[in-house]
Undergrad: 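Let me begin by handing over the structure; questions about it come next.
Read the numbers this way: they start at 1 and go in the same order the structure lists the ligands and their atoms.
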Amino acid sequence: MTAIVSGTAPVVLIAEELAPSVLEVLGSDVEIRHVDGADRSALLPALADAAAVMIRSATQIDAEALAAAPNLKVVARAGIGLDNVDVAAATERGVMVVNAPTSNIVSAAEHAVALLLAAARQIPAADASLREGAWKRSKFMGVEITDKTVGVVGLGRIGVLFAQRLAAFGVELIAYDPYIQPGRAAQLGVRLVSLEELLRESDFISIHLPKSPETLGLIGAEELALTKRGVIIVNAARGGLVDEAALADALRSGQVGAAGLDVYATEPTTDSPLFGLPNTVVTPHLGASTTEAQDKAGTAVARSVRLALQGEFVPDA
Ligand code: NAD
Ligand code: MLT
């Protein structure tokens with residue numbers, strides 16, 4: 001391991017829980033400090049000495065946080081989405097932003113499949129009911145996936161892995177992604193369609209978009225009204241891509257039959273109207289929460305942090 005040459009050991013601020021392997025990769029020639037990145041009153045003063053800050057999705061590294069970090073060289077996002085980092089403001093200050101774009105794609109795709117199956121067969125509600133002492137077979141009627149149409153919104157890394165896994169169920173796969181070449185989709189056995197066609201044709205819809213000004217609120221009341229009655233919607237990408245109030249209304253009316261949700265417009269949250277509905281399956285942003293994904297994300301960005309602190313070229317993680 002090349003040593004970091006500096007008068008004093010540079011401070012690496014770990015602002016969220018990361019895999020234990022991160023510390024090993026960071027080595028002993030840095031000073032590691034910990035802070036709860038979701039607590040702004042703790043984060044801002046802690047950033048004062050930091051040469052690197054390591055985060056997941058709960059820490060906002062915005063212009064204010066960057067201004068509080070005069071020694072910062074690198075922001076390391078142990079995961080994919082950079083919607084909690086003001087990349088433009090960081091670049092303006094000469095602060096490098098690194099992430100691990102492939103680290104958790106398998107885990108996120110598998111989680112979306114799990115949410116889809118759990119919603120289709122009402123598994124969490126049936127599990128809770130049985131544990132409460134009720135043996136109710138007719139209450140928990142499900143739907144099959146085989147021979148249905150599955151719409152993938154965003155056919156990027158995770159969308160493709162999700163589609164490949166769903167293909168094994170014998171479904172028709174369609175996708176909306178204006179940035180993908182039709183030839184690439186065809187190779188994957190996916191038919192590219194407009195968003196409106198996807199909404200009208202799908203029995204199941206799974207969203208795999210980044211959060212951006214363009215995608216925020218992409219699926220609102222008008223779009224939900226176009227769906228097949230009883231459609232099952234999965235969102236393990238980002239909260240707010242589907243308007244939560246509109247989704248709650250559609251779940252209440254039966255326009256949407258069920259939803260599997262991992263992400264929310266505001267996080268952390270424990271009091272969404274979506275949590276009180278019988279036809280939602282909800283998890284607290286667990287898409288990347290596997291041993292494998294956390295290990296890959298943590299070690300990839302820890303390597304990037306070391307390179308950045310050594311002043312070396314940082315390749316894509
Ligand atoms: P990706 O960049 O590989 O794919 C995103 C796809 O969305 C691209 O193909 C892009 O063309 C498409 N897209 C962008 N804007 C669009 C638009 N307006 N309309 C339609 N398509 C559009 O990213 P990925 O690795 O597949 O990850 C997707 C997102 O999933 C991440 O940005 C992150 O927010 C989220 N994610 C969540 C978890 C979790 O824990 N729940 C884990 C990993 C990633
Ligand atoms: C990501 O974008 O990688 C996900 O939100 C996973 C995470 O950071 O937990």
Side-chain angles (χ1 to χ4, degrees), residues 15-19 22 37-38 54-61 75-85 87 97-116 151-165 174-182 184-185 188 190 192-199 205-220 223 234-242 260-265 267-268 281-298 300-301 316-317:
E16 296 187 51
E17 201 163 330
L18 302 179
V22 167
M54 300 185 73
I55 60 169
R56 283 184 64 186
S57 59
T59 307
Q60 297 295 324
I61 301 294
V75 177
R77 167 70 166 95
I80 298 175
L82 286 171
D83 45 284
N84 55 328
V85 180
V87 179
V97 178
V98 297
N99 67 346
T102 58
S103 55
N104 59 35
I105 55 176
V106 169
S107 293
E110 287 181 358
H111 197 66
V113 176
L115 286 172
L116 188 148
V152 181
V153 185
L155 195 61
R157 293 185 182 97
I158 298 171
V160 166
L161 292 179
F162 173 84
Q164 287 171 333
R165 279 148 184 75
I174 59 176
Y176 168 64
D177 190 327
Y179 305 107
I180 293 290
Q181 295 300 323
R184 163 87 180 122
L188 297 161
V190 179
L192 279 184
V193 294
S194 67
L195 181 58
E196 186 175 332
E197 284 170 308
L198 182 141
L199 294 166
I205 296 175
S206 191
I207 296 157
H208 299 286
L209 297 170
K211 180 174 163 185
S212 72
E214 194 191 20
T215 59
L216 199 61
L218 188 75
I219 300 183
E223 288 73 24
V234 171
N235 184 6
R238 277 294 178 273
L241 301 176
V242 183
L261 304 169
D262 186 44
V263 286
Y264 309 93
E267 294 184 14
V281 175
V282 295
T283 52
H285 202 147
L286 295 182
S289 293
T290 63
T291 314
E292 294 85 352
Q294 285 312 301
D295 202 46
K296 282 186 254 179
V301 292
D316 285 343

Undergrad: Which of the atoms in ligand 2, numbered in the order shown and given with their element, are less than 4.0 Å from a heavy-atom of Asn104?
TA: 1 (C), 3 (O), 6 (C)
Undergrad: Suppose I only count heavy atoms of His285 and a 4.0 Å limit; which atoms of ligand 2 are within that range?
TA: 4 (C), 5 (O), 6 (C)
Undergrad: Just so I know, are the side chains of Leu116 and Phe162 near enough to count as touching, which here means a heavy-atom distance under 4.5 Å?
TA: yes
Undergrad: What atoms of ligand 2 come within less than 4.0 Å of a heavy atom belonging to Gly79?
TA: 3 (O)
Undergrad: Give the atoms of ligand 2, by number and element, whose distance to some non-hydrogen atom of Arg238 is under 4.0 Å.
TA: 1 (C), 2 (O), 4 (C), 5 (O)
Undergrad: Check whether any side-chain heavy atom of Leu218 sits under 4.5 Å from a side-chain heavy atom of Val153, and report yes or no.
TA: yes
Undergrad: Between Arg56, Arg77, Gln294, flag the one that comes closest to atom 4 (C) of ligand 2 by a heavy atom.
TA: Arg77
Undergrad: Measure the shortest side-chain to side-chain distance between Val85 and Ile55 over non-hydrogen atoms and say whether it is less than 4.5 angstrom.
TA: yes
Undergrad: Does anything in residues 97-108 pair up under side chain to side chain donor-acceptor pair (under 3.5 Å), and if so which pairs, sequence neighbours excluded?
TA: Ser107-Thr290
Undergrad: Do His111 and Asp262 touch side chain to side chain, with heavy atoms closer than 4.5 Å?
TA: yes
Undergrad: Quick one: OG1 on Thr215 to CZ on Arg238, what's the gap to the nearest 0.5 Å?
TA: 10.0 Å
Undergrad: Can you pull every nitrogen or oxygen pair between ligand 1 and the protein closer than 3.5 angstrom?
TA:
unit_1   : atom_1 : unit_2 : atom_2 : d
ligand 1 : 3 (O)  : Arg157 : N      : 2.9
ligand 1 : 9 (O)  : Gly156 : N      : 3.3
ligand 1 : 9 (O)  : Asp177 : OD2    : 2.6
ligand 1 : 11 (O) : Asp177 : OD1    : 2.8
ligand 1 : 11 (O) : Asp177 : OD2    : 3.2
ligand 1 : 18 (N) : Glu214 : OE1    : 3.3
ligand 1 : 26 (O) : Arg157 : N      : 3.4
ligand 1 : 26 (O) : Ile158 : N      : 2.9
ligand 1 : 34 (O) : Arg238 : NH1    : 3.3
ligand 1 : 40 (O) : His285 : NE2    : 3.3
ligand 1 : 40 (O) : Gly287 : N      : 3.4
ligand 1 : 40 (O) : Ala288 : N      : 3.3
ligand 1 : 41 (N) : Ala236 : O      : 2.9
ligand 1 : 41 (N) : Asp262 : OD2    : 2.9

Undergrad: Could you tell me the separation between the OH atom of Tyr264 and the CG atom of Asn235, rounded to the nearest 0.5 Å?
TA: 9.0 Å
Undergrad: Taking only heavy atoms of Gly81 into account, list the atoms of ligand 2 that are under 4.0 Å away from them.
TA: 1 (C), 2 (O), 3 (O)
Undergrad: Is there a nitrogen or oxygen of Ala78 sitting under 3.5 Å from a nitrogen or oxygen of ligand 2?
TA: no
Undergrad: Considering only the protein, which heavy-atom contact is closest to atom 6 (C) of ligand 2, and what is its distance?
TA: Ala288 CB, 3.4 Å
Undergrad: Can you confirm whether Arg77 sits close enough to Val301 that some side-chain heavy atom of one is under 4.5 Å from a side-chain heavy atom of the other?
TA: no
Undergrad: Rounded to the nearest 0.5 Å, what separation is found between the CD1 atom of Ile219 and the CD1 atom of Ile207?
TA: 4.0 Å
